[in-house]
There are 2 protein chains.
Amino acid sequence: MTDFDSATPESNPKDAEYLSRLQDYYADWKSIPSYASLCEVFGIASKSWVKAILDRLEKAGYLERTPDGMWIPTKQFFARPLAESSVPAGMPITVSATQGEHFVIDEMLIDTPSKTTLIPVKGDSMIDAGIHDGDVAVVEKRMNANIGDIVVAIVDNEFTLKTLDKERGQFILRPANQAYPVIRPQGSLEIFGVLTGLIRKYRR
Amino acid sequence: MTDFDSATPESNPKDAEYLSRLQDYYADWKSIPSYASLCEVFGIASKSWVKAILDRLEKAGYLERTPDGMWIPTKQFFARPLAESSVPAGMPITVSATQGEHFVIDEMLIDTPSKTTLIPVKGDSMIDAGIHDGDVAVVEKRMNANIGDIVVAIVDNEFTLKTLDKERGQFILRPANQAYPVIRPQGSLEIFGVLTGLIRKYRR
DNA sequence: CATCGTAAAGAACGAGCGTTCTGTTGTCAA
DNA sequence: TTGACAACAGAACGCTCGTTCTTTACGATG
């Protein structure tokens, strides 16, 4: 009667659990399976109740349906909680650390997908800038850069990640490691792109 | 009879066209629809032929099937080679760009979304490990860790990002900065999670 | 002109799917 | 004790899906 659906999205702990199960499943399989399969995923025996759950997640903005009726995730589905208090902070922390704003990592790091590439970092010539061997550089392809930018330049037919600087009117490429020499290219300097982000994955 | 399927994946221009149509569709809808819908996507009238195409794309490594028989994309489905012209000789970099907008990076850094939190890093106590002030730590919440892991621990009601180590049978938290002291917690050590990734965004 | 292979169309079918409806259980308030 | 409601379980049904099989169109080959 009172046509308010009181089903709360994340205030409801059960639905939060179902959502996280679905998120983990999707991370594995990149698809949302049938209601029958979701029964196993959720630990539930009733298809109709699974549908009720997904309907609520849709209302809460975590799922959508295609014109064909297929369930698909939304941006909110992929968003990760951002802990409120930074690692070490001066404030005492309440356990509700996961109660903050959400965001999607890709959107944070990539403004223009068509111009952005990921390049694995090789070597430790930029280690003093906190860029390690094995890190992945997020690079926005363009030909101009500003002094102080970390750029991907092409020197002697090789990619090089260095800080762009100027010395006596000449552009130079400065490594962040005293063991490496400053590169002073004769003639023109070909810039491939500018470093806009960095990704590191720790082995587990 | 000769049971070799000669169907070539990308050497076949038709299949390449079908693949890119499917990639575009997936970028829009994040799902692979039914054969009937794919008929429209491909501009084809026959379901059986659509199945034949997907079977070939599977054999070529672009698609997989779940145990339930659902089609799902593979990593190769998302991969994109860098333009030949800009690849310098002698350096066989396999650069892959972000073709779809979502979860290329997300997927790389996050295995279990439900247990993963993002925490902004404050301070420079881990700077020798290449973790800077303002970086965002990707943390997988769990209570146990191994020696050598970089962990988020709770010390005196504060989050702390340190390397977990052991000294004379006692767990200690080691900073990566000589200006900071080693933390030797008396009694138990509460671990919030383990660092599994790091994100840095450069101002533009 | 016959044959063959490729690329597709189309029909036929049973299994499984999503949907709806009704039934069951547990909890809590009155 | 009763009633109400939330949280499921289970059945029933029509329709769509994936699969398989047969047929067609057509260019190349010989």
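Letters A, B, ... mirror the listed sequences (proteins, then strands); counts begin at 1.
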B:Tyr35 OH to C:dA12 P, straight-line distance once rounded to whole Å: 21 Å
For atom CG of B:Leu38 and atom C1' of D:dC17, their distance in whole Å: 12 Å
Interatomic distance, B:Lys47 NZ vs D:dT16 P [rounded to whole Å]: 11 Å
Protein-nucleotide distance (A:Ile53, atom CD1; D:dA9, atom C1'), rounded to Å: 13 Å
B:Asp55 CG - D:dT19 P separation (whole Å): 8 Å
Between B:Tyr18 and B:Phe42, ring centroids under 6.0 Å: yes
Full working for salt bridge (charged side-chain N to carboxylate O under 4.0 Å, His left out) between B:Glu107 and B:Lys75: CA-CA 10 Å; B:Glu107 188 199 331; B:Lys75 254 160 274 177; 5.6 Å; no
Base D:dG10 paired with A:Ser48 side chain (donor-acceptor, <3.5 Å): yes
hbond_proxy B:Ser46 side chain to C:dA8 base (donor-acceptor, 3.5 Å cutoff): no
Distance under 6.0 Å and angle within 45° of ring axis: B:Lys166 vs B:Phe171: yes
Interatomic distance where CZ belongs to A:Arg56 and C1' belongs to D:dA6 [whole Å]: 10 Å
N/O donor-acceptor pair, side chain B:Lys51 with base D:dG18, under 3.5 angstrom: no
Side-chain N or O of A:Tyr18 closer than 4.0 Å to phosphate OP1/OP2 of D:dA7: no
Rounded interatomic separation in angstrom, taking CD1 from A:Ile44 and C1' from C:dT25: 15 Å
Separation of atom CG in B:Asp68 from atom C1' in C:dG16, rounded to whole Å: 11 Å
Nucleotide nearest B:Ala45 when distance is taken to its side chain, options D:dT19, C:dC17, C:dG10: C:dG10
Test: A:Arg56 cationic atom under 6.0 Å from A:Trp49 six-membered ring centre, within 45° of axis: yes
Whether A:Arg21 side chain and A:Val41 backbone form a donor-acceptor pair below 3.5 Å: yes
Sugar-phosphate only, base, or nothing, as touched by B:Lys14 at under 4.0 Å among non-hydrogen atoms: sugar-phosphate
